[in-house]
Protein chains: 6
Amino acid sequence: MVDSVRLDELSWPEFAAKVAAGAPVFLPLGSTEQHGPHLPLGVDVVLPTGVCERVAKAVGGLVAPTVNYGCKSMPRSGGGEQFPGTLSLDANTFALVLRDIIRNLGRQGVRRLVIVNGHYENLWPSVEGLDLALRELRRDGIDDMQVMRLEYWDFATRPTLDKLFPDGFPGIELEHASLLETSLMLLFRPELVEMDKVPTDGPATFPTYDRFPIPTDFGLPPSGVLAVAVGSTPEKGELLMADYLTHISAAITREFGL
Amino acid sequence: MVDSVRLDELSWPEFAAKVAAGAPVFLPLGSTEQHGPHLPLGVDVVLPTGVCERVAKAVGGLVAPTVNYGCKSMPRSGGGEQFPGTLSLDANTFALVLRDIIRNLGRQGVRRLVIVNGHYENLWPSVEGLDLALRELRRDGIDDMQVMRLEYWDFATRPTLDKLFPDGFPGIELEHASLLETSLMLLFRPELVEMDKVPTDGPATFPTYDRFPIPTDFGLPPSGVLAVAVGSTPEKGELLMADYLTHISAAITREFGL
Amino acid sequence: MVDSVRLDELSWPEFAAKVAAGAPVFLPLGSTEQHGPHLPLGVDVVLPTGVCERVAKAVGGLVAPTVNYGCKSMPRSGGGEQFPGTLSLDANTFALVLRDIIRNLGRQGVRRLVIVNGHYENLWPSVEGLDLALRELRRDGIDDMQVMRLEYWDFATRPTLDKLFPDGFPGIELEHASLLETSLMLLFRPELVEMDKVPTDGPATFPTYDRFPIPTDFGLPPSGVLAVAVGSTPEKGELLMADYLTHISAAITREFGL
Amino acid sequence: MVDSVRLDELSWPEFAAKVAAGAPVFLPLGSTEQHGPHLPLGVDVVLPTGVCERVAKAVGGLVAPTVNYGCKSMPRSGGGEQFPGTLSLDANTFALVLRDIIRNLGRQGVRRLVIVNGHYENLWPSVEGLDLALRELRRDGIDDMQVMRLEYWDFATRPTLDKLFPDGFPGIELEHASLLETSLMLLFRPELVEMDKVPTDGPATFPTYDRFPIPTDFGLPPSGVLAVAVGSTPEKGELLMADYLTHISAAITREFGL
Amino acid sequence: MVDSVRLDELSWPEFAAKVAAGAPVFLPLGSTEQHGPHLPLGVDVVLPTGVCERVAKAVGGLVAPTVNYGCKSMPRSGGGEQFPGTLSLDANTFALVLRDIIRNLGRQGVRRLVIVNGHYENLWPSVEGLDLALRELRRDGIDDMQVMRLEYWDFATRPTLDKLFPDGFPGIELEHASLLETSLMLLFRPELVEMDKVPTDGPATFPTYDRFPIPTDFGLPPSGVLAVAVGSTPEKGELLMADYLTHISAAITREFGL
Amino acid sequence: MVDSVRLDELSWPEFAAKVAAGAPVFLPLGSTEQHGPHLPLGVDVVLPTGVCERVAKAVGGLVAPTVNYGCKSMPRSGGGEQFPGTLSLDANTFALVLRDIIRNLGRQGVRRLVIVNGHYENLWPSVEGLDLALRELRRDGIDDMQVMRLEYWDFATRPTLDKLFPDGFPGIELEHASLLETSLMLLFRPELVEMDKVPTDGPATFPTYDRFPIPTDFGLPPSGVLAVAVGSTPEKGELLMADYLTHISAAITREFGL
């Protein structure tokens with residue numbers, strides 16, 4: 001028998017047995033998006049997948065294949081669609097992907113689902129896709145699916161953030177390709193991080209509005225790194241991951257009565 | 001500089017440089033689907049991804065993240081949606097995913113694209129998604145994107161199939177979770193193959209029509225393995241992969257004038 | 001009382017009575033598509049409609065109006081969209097048409113449905129449309145609709161094909177506007193066949209991949225006839241039709257317990 | 001060479017030649033819908049198709065295959081969806097069908113199009129589908145397609161209506177399965193008319209509003225015949241058809257400068 | 001407690017109480033569309049909103065926020081999309097808006113709904129949106145929502161029309177920006193009417209068909225006023241409003257058993 | 001000539017003249033949603049409309065009709081869909097509404113657009129709708145539309161917030177039906193505010209994740225007021241409005257070079 005938290009590494013009878021036993025299923029939501037000159041385009045896939053695998057191991061869950069393409073990047077959070085390598089889905093497409101996956105998980109007996117988002121702009125269409133799926137499932141006679149939906153970064157504690165940002169946390173919206181993501185990548189996939197290319201053209205200084213087409217003086221650093229990545233270390237990644245593991249696991253255990 | 005054929009392991013400037021230099025981009029299409037009791041649900045992700053990585057290395061290309069969820073499984077090819085673990089998208093959803101990814105690749109300067117399908121039922125909606133994307137790209141003033149779209153298994157040569165099936169090839173439509181896929185998995189991810197669980201309840205003996213709801217006597221083996229997986233070996237996988245590498249590379253070189 | 005197998009030739013009370021008595025309804029799926037210089041654009045409407053009418057007569061069924069426009073033609077099966085006269089629907093449009101018709105048949109009490117496809121590229125979106133309709137019908141409390149879905153050409157027997165193709169059957173995918181369709185048209189609508197215009201620029205010699213945009217040397221005969229139509233006769237059409245009538249009727253009788 | 005006004009009876013080179021010569025293309029829009037106990041479900045297919053064929057012959061045009069399924073029937077015009085045999089499409093589906101057909105006609109060089117509607121409820125979604133198609137065609141660089149869209153019944157002249165309705169014309173909205181349609185069917189397909197079943201439970205006496213669900217006392221005759229069909233004759237059909245032929249031909253000649 | 005017939009002026013507990021007591025909810029459907037040089041773009045919002053408020057007051061109902069953007073204007077009824085200031089939705093968008101609002105009203109306990117349309121071209125997509133909503137509500141287990149749908153102008157009586165049009169009523173389809181709408185605006189919002197700008201370039205003399213693109217000699221008055229607005233007075237508006245109030249209230253009372 | 005900043009109070013020639021002169025158009029985005037027991041359901045319509053009218057007056061702009069129905073409410077920002085009176089659109093519907101309105105504004109010559117959002121959950125689908133519209137407009141040959149998109153509350157300055165929240169600003173996400181919105185309503189529509197019903201069951205204490213179905217102990221105050229509304233005054237509304245007027249006007253003037 002294959003021993004794995006990855007749903008896709010199990011055979012169908014193994015999957016069926018786990019689901020019948022009540023295993024929660026984790027669905028990581030990623031994107032393929034610019035993350036500055038020092039990080040690969042796949043950061044938003046690597047991080048929620050890594051978080052899910054660790055938490056799933058802790059709570060006896062399964063990790064479904066990551067949604068590799070995310071909803072379109074906005075300038076004030078991810079830098080925007082104009083960066084090379086950013087390959088996004090329209091919001092409706094992304095929501096339909098979520099709807100279909102969740103509906104099928106429900107149809108197949110999954111009753112505990114944890115959606116773990118790793119790309120800011122997926123937040124809203126993932127709520128939408130979930131809402132559409134639950135609506136359809138109710139019509140299919142399934143009304144007892146329990147779902148949590150979260151952004152993993154919201155589980156960093158204040159003490160950890162204080163330790164990582166002694167000068168004050170600039171806020172999660174600017175944390176694109178910045179210290180948090182870079183440190184976590186140094187923990188998960190250090191061979192993909194090029195610390196010598198960490199830029200210093202940030203932080204972004206956005207106005208309080210969106211502007212289309214994006215003017216050249218919009219406050220967006222040319223590197224695509226919205227805040228600061230200097231000083232990232234695997235140890236900082238470890239600190240964050242410890243928070244995520246502890247607190248996401250605790251929340252799931254509490255919510256699902258595991 | 002990260003040395004990788006995987007688009008998602010490159011930073012955006014590295015991606016931009018490769019694309020500017022004319023690198024073809026490979027887009028593997030997978031699924032999360034039952035593959036019998038001896039293979040994992042992720043077979044259709046592992047195989048086209050593996051093929052793409054090897055061919056991309058040979059021709060100087062990049063591999064985009066695999067589409068992990070495929071179009072819905074049909075009983076006479078993949079066994080159907082009723083199997084545990086099969087997590088499919090509606091055809092329109094799948095086509096829209098393809099449309100969005102391809103449109104964005106085109107928008108970002110990619111002019112040579114190879115779509116490599118690893119899940120039979122993706123064939124048609126991938127043509128549809130491609131057609132929609134090219135239609136939109138033309139409206140956006142981009143009419144010079146060159147695209148190939150293929151099922152990797154079509155590149156096995158007759159001599160290889162004769163060697164693998166001394167009693168005659170049962171046909172690709174029954175090759176679900178059977179000798180070809182099992183041998184390739186033994187090559188790529190042997191630790192995920194449980195040869196002791198290879199079933200012998202096949203081959204499928206379908207009528208010449210679809211039937212809904214699927215009757216219990218429809219000719220579908222309970223294991224979900226449509227033909228025969230007994231006798232699969234990594235060496236057979238190697239033979240197939242050699243064919244794929246040689247002939248897909250040759251076709252790409254010829255078509256794209258590399 | 002009008003005596004007809006055609007649903008559209010009955011009044012609503014006559015339709016209601018037939019449905020209440022359990023008559024199976026046939027839904028022919030056609031297309032408007034190039035079929036070479038010797039056959040009319042409507043071949044894919046004429047043939048499945050003709051097959052349905054004959055089989056319906058044999059089993060006491062009704063034939064719904066044919067869907068006259070099909071899903072887009074692919075180069076390696078129908079020649080492709082670039083031929084004059086090919087008027088196709090997008091896949092999603094076609095699937096929605098099927099969904100709506102089937103849902104309404106179900107809503108109106110039809111419990112035995114036979115979908116008879118006459119255009120290769122309709123295969124997949126007709127499965128999709130059927131799946132969407134059955135999903136909706138279940139939500140409407142209707143879960144006992146019995147459906148068969150078939151390509152009529154799959155009911156030609158080996159002996160017949162051997163007789164028609166003494167040098168070996170080139171395979172159904174190349175049988176576009178070729179000997180089978182031409183012979184059947186000579187049976188059904190001989191006045192629309194111009195045997196003196198049968199081309200000899202085939203057969204097609206496609207590579208094992210799709211290519212967009214279609215190169216001039218793609219192996220596609222300029223006539224649009226993928227294999228060979230020379231030698232078509234009404235007698236051959238008769239042989240084929242006899243197979244279809246016998247074997248489709250038998251399958252329906254068996255499946256629906258008529 | 002096949003001599004036919006029916007587009008689907010021509011081969012693709014014949015179609016191409018006609019289009020290149022500027023032949024207008026007629027697209028009849030039908031439905032499959034209840035038309036009382038004396039008329040078949042296909043009335044709305046037979047009539048606009050028949051009108052198109054006669055007018056096309058007069059002006060040198062081609063008739064595309066009829067759209068056999070129409071937009072959903074409303075109680076105050078067609079009786080509504082609750083009648084057996086009414087098989088309608090959702091409005092969006094119908095509009096998409098029109099969009100796709102018209103876009104493809106435009107893509108193939110057709111520059112003169114006449115949409116002839118035979119089912120009241122198709123009016124609006126056919127305008128919508130046309131608008132969507134023209135919008136797309138403009139984006140494809142085609143802005144010179146000339147289109148007329150009409151309900152054939154609007155071309156009956158006042159003298160003819162006065163002759164047919166000596167007691168005054170009840171208005172076209174109640175003319176469902178009534179004297180006009182019955183007389184035209186007696187002209188086109190008399191074998192499908194059962195004059196002995198003409199009901200006398202009309203005319204409908206609708207309130208000035210829609211009501212859902214439809215109450216039993218809504219004013220809708222149980223037969224589904226909204227006005228009166230008694231007195232229908234083929235001669236009256238002939239009178240109407242003469243008007244349609246004369247005045248639709250004249251309008252087309254004038255508009256398209258034929 | 002706020003005393004208002006406007007749903008949006010109540011707090012949620014007040015709304016809940018009214019709905020629990022069986023209050024009918026009115027949904028006015030408007031548009032933002034040209035109405036000649038003497039009327040503002042918002043006529044189709046002002047009028048159905050005003051009618052709803054008066055009728056709701058009479059029957060103890062609530063008025064939901066008006067849908068401010070309507071379905072696209074057609075040349076032969078509203079003048080068409082080419083007029084400045086006409087800001088329309090696609091038909092499918094409009095139908096989806098209706099579907100969502102009605103589905104949510106049903107979900108929240110509303111069981112008596114009156115849809116009051118003030119823009120001709122909204123008629124059909126509002127039926128469609130209603131049909132889609134009721135279909136979904138049935139799937140959600142709600143099948144007892146009672147709905148009326150009406151165009152307010154259909155409640156003018158013959159005596160009133162005779163009084164207003166001593167030379168004969170030109171028909172409601174030409175009543176765009178004409179005497180009826182102008183008189184009602186003089187009643188509801190006189191400060192927005194510029195009687196000195198009432199044009200005299202009408203009435204429209206349309207042919208019996210649509211024509212795209214719209215020719216300059218199509219019969220459409222350049223002002224966008226389809227018939228005649230000269231002679232409009234607030235007193236005439238009062239007469240009309242009295243009819244609407246009396247007869248819409250009576251119909252609602254009768255249908256809903258108030 | 002009507003003197004108004006409201007687009008819908010102008011006639012089409014007046015609108016055309018303003019647009020030709022370069023007037024920016026404001027599009028307020030609202031919702032119909034619970035706002036506690038002391039505020040009406042229409043708060044999110046009143047506030048952005050009021051802000052737009054004041055700013056438009058200052059910068060010579062026009063205010064388009066408000067979108068009255070917003071995207072679905074989420075528990076952690078607006079309280080959620082389960083509250084009576086919350087009447088939301090699906091995200092895709094909302095995005096399509098925006099797409100259509102913006103596309104039509106662009107088609108009609110508007111080149112300066114300011115989208116002013118008053119409902120948190122509209123943020124993302126309004127970006128999506130805008131992106132879809134700009135994509136279509138580019139295909140229509142219009143690539144010079146300048147757009148700003150903003151949440152009006154982001155223009156409150158730190159000193160103002162410090163003055164209003166001497167104990168510290170709880171953050172905008174909890175400001176639903178709380179001090180900011182209540183004070184602004186006291187400024188704009190005091191007759192709709194019932195200060196005696198201001199609840200004290202908040203503030204909300206949400207966990208860092210979404211949870212479906214929403215548990216009874218989720219931290220959501222039963223009143224639907226997420227933070228605190230006690231202490232709201234029109235003066236505080238005035239302070240906020242002064243900030244909005246000053247800083248939104250300044251941003252527009254700067255961005256559009258007015």
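Throughout, a chain's letter reflects where its sequence line sits, starting with A, and its residues are numbered from 1. Please read these numbers as outputs of a predicted model, since none were measured by experiment.
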Peer 1: What distance do L39(D) atom CG and S11(C) atom OG have between them, rounded to the nearest 0.5 Å?
Peer 2: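 With rounding to 0.5 Å, CG (L39(D)) is 9.0 Å from OG (S11(C)).
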
Peer 1: State, to 0.1 Å, how close P65(C) and Y69(D) come at their nearest heavy-atom pair, and which atoms those are.
Peer 2: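 For P65(C) versus Y69(D), the nearest heavy atoms are O-OH, 2.6 Å.
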
Peer 1: Do R107(C) side-chain atoms and E81(D) backbone N/O form a donor-acceptor pair below 3.5 Å?
Peer 2: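 Yes, R107(C) side chain to E81(D) backbone: donor-acceptor pair under 3.5 Å.
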
Peer 1: Look at T86(C), V19(C), V193(C), N92(C) and state which one has the largest set of heavy-atom pairs under 4.5 Å with chain D.
Peer 2: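 The candidate making the most pairs under 4.5 Å is T86(C).
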
Peer 1: Atom CZ in R99(C), atom CG in L89(D): separation rounded to 0.5 Å?
Peer 2: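 Rounded to the nearest 0.5 Å, the CZ-CG separation comes out at 9.5 Å.
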
Peer 1: Which atoms of A64(D) come close to chain C, meaning under 4.5 Å heavy atom to heavy atom: side chain ones, backbone ones, both, or neither?
Peer 2: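 Both backbone and side chain of A64(D) come within 4.5 Å of chain C.
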
Peer 1: How long is the span from the CD atom in E191(C) to the CG atom in D3(D), to the nearest 0.5 Å?
Peer 2: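 If we round to the nearest 0.5 Å, E191(C):CD and D3(D):CG are 12.0 Å apart.
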
Peer 1: Counting heavy-atom pairs under 4.5 Å to chain C, which of L192(D), L96(D), D90(D) comes out on top?
Peer 2: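 Ranked by contacts with chain C, first place is D90(D).
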
Peer 1: Less than 4.5 Å to any heavy atom of chain D: does that hold for the side chain of P37(C), its backbone, both, or neither?
Peer 2: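 Interface part for P37(C): both.
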
Peer 1: I'd like to know which of V45(D), D8(D), N104(D) tops the heavy-atom pair count under 4.5 Å against chain C.
Peer 2: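 Answer, by heavy-atom pair count under 4.5 Å with chain C: D8(D).
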
Peer 1: Specify which of G109(C), S88(C), A177(C) makes the most heavy-atom pairs with chain D at under 4.5 Å.
Peer 2: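 The answer is S88(C).
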
Peer 1: I'd like to know whether L7(D) forms a side chain to side chain contact (heavy atoms under 4.5 Å, CB included) with L41(C), so could you lay out the CA-CA distance, the side-chain angles of the two residues, the decisive distance to 0.1 Å, and finally the verdict.
Peer 2: CA-CA 7 Å; L7(D) 182 156; L41(C) 297 169; 3.6 Å; yes

Peer 1: Is a donor on one side and an acceptor on the other found under 3.5 Å between the side chain of Q108(D) and the backbone of F83(C)?
Peer 2: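 Yes; judged by distance alone, with no hydrogens or angles, the pair exists.
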
Peer 1: Scan side-chain atoms only and decide if D100(D) and T93(C) contain a donor-acceptor pair under the 3.5 Å cut-off.
Peer 2: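 Their side chains do contain a donor-acceptor pair, which is all the 3.5 Å distance test asks for.
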
Peer 1: Strictly distance-based, threshold 3.5 Å: is any side-chain N or O of N68(C) a donor or acceptor partner for the main-chain N or O of T66(D)?
Peer 2: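 Indeed, once roles are kept as given, a pair shorter than 3.5 Å links the two residues.
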
Peer 1: Just give me the residue among E14(D), R6(D), K72(D) that pairs up with chain C most often, heavy atom to heavy atom, under 4.5 Å.
Peer 2: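 Result: the option with the highest number of such pairs is E14(D).
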
Peer 1: Let's test your reading of the structure: which of G224(D), G36(D), P13(D) forms the most heavy-atom pairs below 4.5 Å with chain C?
Peer 2: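 Sorted descending by pairs with chain C, the first entry is G36(D).
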
Peer 1: Under 4.5 Å, counting heavy-atom pairs only, tell me which of L87(D), V43(D), V67(D) racks up the most with chain C.
Peer 2: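 Counting heavy-atom pairs under 4.5 Å, the top option is L87(D).
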
Peer 1: Just by modelled atom types, is the S223(C) backbone N or O under 3.5 Å from a matching donor or acceptor in the W12(D) side chain?
Peer 2: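 Answer holds: yes.
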
Peer 1: Enter the distance from T32(C):OG1 to I101(D):CD1 here, rounded to the nearest 0.5 Å.
Peer 2: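 Interatomic distance, T32(C) OG1 to I101(D) CD1, rounded to 0.5 Å: 7.5 Å.
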
Peer 1: Could you tell me which of Q34(D), R189(D), K197(D), E194(D) has the largest number of non-hydrogen atom pairs under 4.5 Å with chain C?
Peer 2: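 Top option by heavy-atom pairs under 4.5 Å: E194(D).
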
